[in-house]
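Beneath this line is the structure, given in structure tokens, with notes to follow.
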There are 2 protein chains.
Amino acid sequence: MEFKHQATVTLAEVAEAAGVGESTVSRVLRNHGSFSGRTRERVMAAVERLGYVPNRIAGTLASTGSRLVAFVIPSLSNIVFPDVLRGASAVLEENRYQAVFSVTDYDPGQEEALAAAMLAWRPAAVMLAGYEHTEGTVKMLRASGCRVVELLDLDGDALDIAVGFSNRAAGRESATFLLERGYRRIGYVGHDLNRDTRAGKRFSSFCATLAARDAPLVGREIVAGASSVENGRLGLQRLLARISDLDAVYFSNDDMALGGYFHCLAEGIAVPSKLAIFGYNGLDIGRAMPQPLSTIRTPRVATGKIAAQLVVANAPPQTVDLGFELIEGATA
Amino acid sequence: MEFKHQATVTLAEVAEAAGVGESTVSRVLRNHGSFSGRTRERVMAAVERLGYVPNRIAGTLASTGSRLVAFVIPSLSNIVFPDVLRGASAVLEENRYQAVFSVTDYDPGQEEALAAAMLAWRPAAVMLAGYEHTEGTVKMLRASGCRVVELLDLDGDALDIAVGFSNRAAGRESATFLLERGYRRIGYVGHDLNRDTRAGKRFSSFCATLAARDAPLVGREIVAGASSVENGRLGLQRLLARISDLDAVYFSNDDMALGGYFHCLAEGIAVPSKLAIFGYNGLDIGRAMPQPLSTIRTPRVATGKIAAQLVVANAPPQTVDLGFELIEGATA
DNA sequence: GATTTTTTTGGCAGCGCTACCAATTTGCTG
DNA sequence: CAGCAAATTGGTAGCGCTGCCAAAAAAATC
């Protein structure tokens, strides 16, 4: 029960204390190979007595595969990524895998640097957002031999495993929904599209669908900085200042849409009769609004979960489409 | 179907290819010790040519200190923790440290298990939320010899480093603010207090302050499950169904408060004239509401940032109070 | 009781790297 | 150019663990 105030109890010391060989201790601790019940007890007693904590660094070096899973994500501000991590971490913890992460801030160059740093830990898998990577990143990942999982995007070619849904389809369905509801003068409020390429895909496919149905996008407002409620409110305000006769606005995501909704509330703009609002992500918050938000619900947690399960199972290369769900809501 | 790591290039192979010794390559790569410019070039050329990626597992085992920092956090749904991670990850990346994390789901037993798993990676530091840990966790951490950082709580005794602010003070100031505004019939809507002990500290100190000023809490509603906008809305609805003449409600955080605000909007309850609303966290979303949310803004990102800086600098044990800011807003 | 089979066990060579030390080369001084 | 200090460089012993193999012990068989 007593832990020694030493950071340095080693397997060899446990073996010594238990009066058995090192490999026997290793076998007992990993519950791998065979050993007698009596040996097990003696080893466990010594472990307990010395407060031994196995050294996974050494263990990983000595054995073939690691149990690290590396996440290289664009952001932690955008709820999407914490949600993915959440879905994945439960599965990983159950299977005694360890999650490691770093944040690229939507910068492909940074992604490359961080992916390289990650590979130095020899992870079992690297999880990345989407398909847009630098040539260098792709080359490194290919050469590394470790599993690669691309998340939240299916519009492109997968390196290995891909889990998510089509952003293009999401953009298309959003446009179709608005058109079918009779909206014709449609605008867009979004954040930086060059950085968030998935939002860019939604937008371009949204526009293409509108154009194909003879109701091309009337106007757009791209705010600087990350998506946020404040930026959504600001963006809508600016857009309406330029083009006052819109009948619907498509937002780059729910945070932005909520900001737009707040703007309407504050300005007394009736939603959806005067102006319809449509979001993306299907956050919990949208359901609690006085008028439920019309949006597309994406399987963020499930994406993380499935991705982790495939890695743990060392599944063959594949692309898993988890789809999404259009929520009619009351704002469009 | 099995997929194996392919054979990777080792430092020895680079040394061979560059025609130098292993230790020379190691020195060049870590930019540590001395070597000539010509040697540097030859080594770098070989690294480039072979696509060498150093093995940090081996490096860490061979050297004394690791550059891993372990986060053991209660949740990823509560924005607080992604914010802390965000603040920390920027600093860690700059200093070539690697963040590792796992999620306890507010379960102290799970925290102990995950902390043990973390220590197996011999991190430079373990970052935990608050002061409430099992005896086993504390013993382990003490024995591990690695730095321990306790985050987001200062009401208790620190093990080593603590960074955050006082939740008790936050609860007290919230109460004082409401009382000074003249509210006397005050209620509370919160999520599970036994699990989220920091919310519990705010609440108990809030209540004590009210009681000391002869305006004890009139009623409370604790919803099952995690804090969320939906639960806030539901909680307020239930509380008002029981006690209709409240003049102010304190929420366990901004998400819950926003839900309450939505309930008022939907039910036509005037805020703050009929019912005042007060939150906690100071999320960006509160500023964008038609009426800015009255709340307390906490330094979440800064907490992560400072914590990481102290670890990187291997600072002596200390407690850093980052304070918080009361936002008057327009809802109370 | 002797022999074969099965189960347990310990020894030890690495895993890929860093730290230390000694050897070598280079640069300077007088 | 000897003589010494400084800058480079390579060799090698681990870091703590796992995987392999052979030895020892226990169980089963005739």
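First the proteins, then the strands, lettered A, B, ... as listed; each starts at 1.
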What is the separation between atom CZ on F35(B) and atom P on dA23(C), rounded to the nearest whole Å? 24 Å
Between R38(A) (CZ) and dA26(D) (C1'), how many Å, whole number? 13 Å
Keeping the roles fixed (side chain from D160(A), backbone from V148(A)), state whether a donor-acceptor pair exists under 3.5 Å. yes
Do we see a donor-acceptor contact under 3.5 Å between the side chains of E112(B) and H133(B)? no
Is any side-chain N or O of S34(B) closer than 4.0 Å to OP1 or OP2 of dA6(D)? no
Rounding to a whole Å, what distance do you find between R67(B):CZ and dC17(C):P? 17 Å
Going by atom types alone, do R300(B) and T298(B) pair a side-chain donor with an acceptor below 3.5 Å? yes
At under 4.0 Å between heavy atoms, which parts of nucleotides 11-20 of chain D does protein reach? Answer with one letter per nucleotide, 5' to 3': B base, S sugar-phosphate only, - none. B--BBBBSB-
Regarding D155(A) and K201(A), does a basic nitrogen lie under 4.0 Å from an acidic carboxylate oxygen? no
S23(B) and S26(B): side-chain donor and acceptor closer than 3.5 Å? no
Can a side chain N or O of T39(A) be found less than 4.0 Å away from OP1 or OP2 on dT8(C)? no
Can you find a pair of side-chain heavy atoms, one from R147(B) and one from I161(B), that are under 4.5 Å apart? yes
Rounded to 10°, the angle between the first-five-pair and last-five-pair axes of the helix from dG1(C)-dC30(D) to dG30(C)-dC1(D) is 30°
Would R195(A) and E132(A) pass as an ion pair if we require N to O under 4.0 Å? no
In terms of heavy-atom contacts, does CD of Q110(B) have more than 12 from other residues, nucleotides or ligands at under 6.0 Å? yes
Just the rounded figure in Å: distance from C1' of dC17(C) to CD of E13(B). 14 Å
